Amino acid sequence: MKLSKVEQETIISYNEAKLTADIYTHNARLKQRLQEIAEQFPEECCFVRDNDYGGVTYRISKALIQVRKLYSKERREMLRRQALASGRMPPNRQNKEP
């Protein structure tokens with residue numbers, strides 16, 4: 001059975017009593033990053049299960065979860081200029097909005 005894009009969720013679940021959080025995701029890039037973290041830091045992140053529909057669950061330290069403010073336009077422009085000056089080019093992204 002194949003899940004639709006809407007059904008392919010990412011859910012981060014934790015409570016105040018535990019030091020860990022569970023991340024359930026279908027996102028390919030996030031699955032790759034979680035796998036890399038689990039391999040490098042097994043005490044901070046571990047694979048829990050695969051749901052047979054393309055989704056995986058990892059258990060991670062809550063210290064790895066972060067919500068940050070967006071960069072200001074000025075800061076983004078400064079960082080863009082620095083990157084271009086050092087020879088780095090922006091990724092070639094295609095708009096994949098539904």
Side-chain angles (χ1 to χ4, degrees):
M1 176 175 144
K2 184 172 169 124
L3 299 178
S4 71
K5 291 281 189 182
V6 173
E7 295 171 310
Q8 295 177 26
E9 300 177 313
T10 295
I11 301 169
I12 301 172
S13 175
Y14 62 88
N15 62 50
E16 297 302 317
K18 293 184 178 180
L19 298 175
T20 60
D22 287 345
I23 298 180
Y24 167 78
T25 189
H26 285 263
N27 182 279
R29 178 66 183 127
L30 183 55
K31 289 192 298 187
Q32 180 183 354
R33 290 183 72 193
L34 289 167
Q35 181 181 359
E36 290 169 1
I37 293 169
E39 290 170 358
Q40 289 182 331
F41 306 99
E43 66 283 352
E44 299 293 329
C45 179
C46 67
F47 176 80
V48 177
R49 70 180 155 273
D50 181 339
N51 76 347
D52 296 329
Y53 298 107
V56 295
T57 301
Y58 280 84
R59 183 157 294 133
I60 69 167
S61 168
K62 284 195 315 190
L64 296 175
I65 296 174
Q66 180 183 65
V67 177
R68 62 176 175 84
K69 292 181 184 179
L70 296 174
Y71 289 160
S72 67
K73 288 181 182 180
E74 295 81 15
R75 183 173 181 190
R76 287 178 56 200
E77 181 61 24
M78 178 198 58
L79 292 171
R80 185 184 77 77
R81 277 193 234 128
Q82 287 175 350
L84 290 173
S86 68
R88 293 183 304 202
M89 297 300 294
N92 185 10
R93 295 185 181 147
Q94 295 178 357
N95 189 359
K96 294 189 178 186
E97 292 291 320

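Being a predicted model, the structure only gives us computed values, none of them experimental. All values below come from the heavy atoms of this structure, side chains included, with hydrogens, waters and symmetry mates left out.
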> Does Asn27 reach the side chain of Gln8, with side-chain heavy atoms less than 4.5 Å apart?
Replying inline: no
>> Under the rule for salt bridge (charged side-chain N to carboxylate O under 4.0 Å, His left out), what residues qualify as partners of Asp50, not counting sequence neighbours?
In response: none
> Between CG of Leu64 and NZ of Lys62, what distance do you get to the nearest 0.5 Å?
Replying inline: 12.0 Å
> Do Ile12 and Ile65 pass the side-chain contact (heavy atoms from CB on, under 4.5 Å) test, and can you show the C-alpha distance, the side-chain angles, and the key distance before you say yes or no?
Replying inline: CA-CA 9 Å; Ile12 301 172; Ile65 296 174; 3.7 Å; yes
>> According to a hydrophobic-cluster definition based on side-chain heavy atoms being under 4.5 Å apart (Ile, Leu, Val, Met, Phe, Trp, Tyr only), do Leu30 and Val48 belong together?
In response: no
> Which pairs with one or both residues in residues 10-20 pass side-chain hydrogen bond (donor to acceptor under 3.5 Å, both in side chains), sequence neighbours excluded?
Replying inline: Thr10-Thr25
> When rounded to the nearest 0.5 angstrom, what distance separates OH in Tyr53 from CD in Glu7?
Replying inline: 10.5 Å
Show me the donor-acceptor pairs, under 3.5 Å and distance only, between side chains in residues 36-45 and residues at least two apart or in other chains.
residue, atom, partner, partner atom, Å
Glu36, OE2, Gln32, NE2, 3.3
Glu39, OE2, Gln35, NE2, 3.2
Glu44, OE1, Ser61, OG, 3.3

Show me the side-chain donor-acceptor pairs of residues 75-86 shorter than 3.5 Å, one per line, residues at least two apart or across chains.
residue, atom, partner, partner atom, Å
Glu77, OE1, Arg80, NE, 3.2
Glu77, OE2, Arg80, NH2, 2.8
Glu77, OE2, Arg81, NE, 3.2
Ser86, OG, Gln82, O, 3.3
Ser86, OG, Ala83, O, 3.0

> Of all residues at least two apart in sequence or in a different chain, which pass the ring pair (Phe, Tyr, Trp, His ring centres under 6.0 Å) check with Tyr71?
Replying inline: none
> For the residue pair His26 and Lys31, what are the closest heavy atoms and their distance?
Replying inline: O-CE, 3.8 Å
>> Can you list, by chain and residue number, the hydrophobic cluster partners of Ile11 when the side-chain cut-off is 4.5 Å?
In response: Tyr24
> Run the side-chain contact (heavy atoms from CB on, under 4.5 Å) check on Ile23 and Arg59 step by step: do they pass?
Replying inline: CA-CA 6 Å; Ile23 298 180; Arg59 183 157 294 133; over 6 Å; no
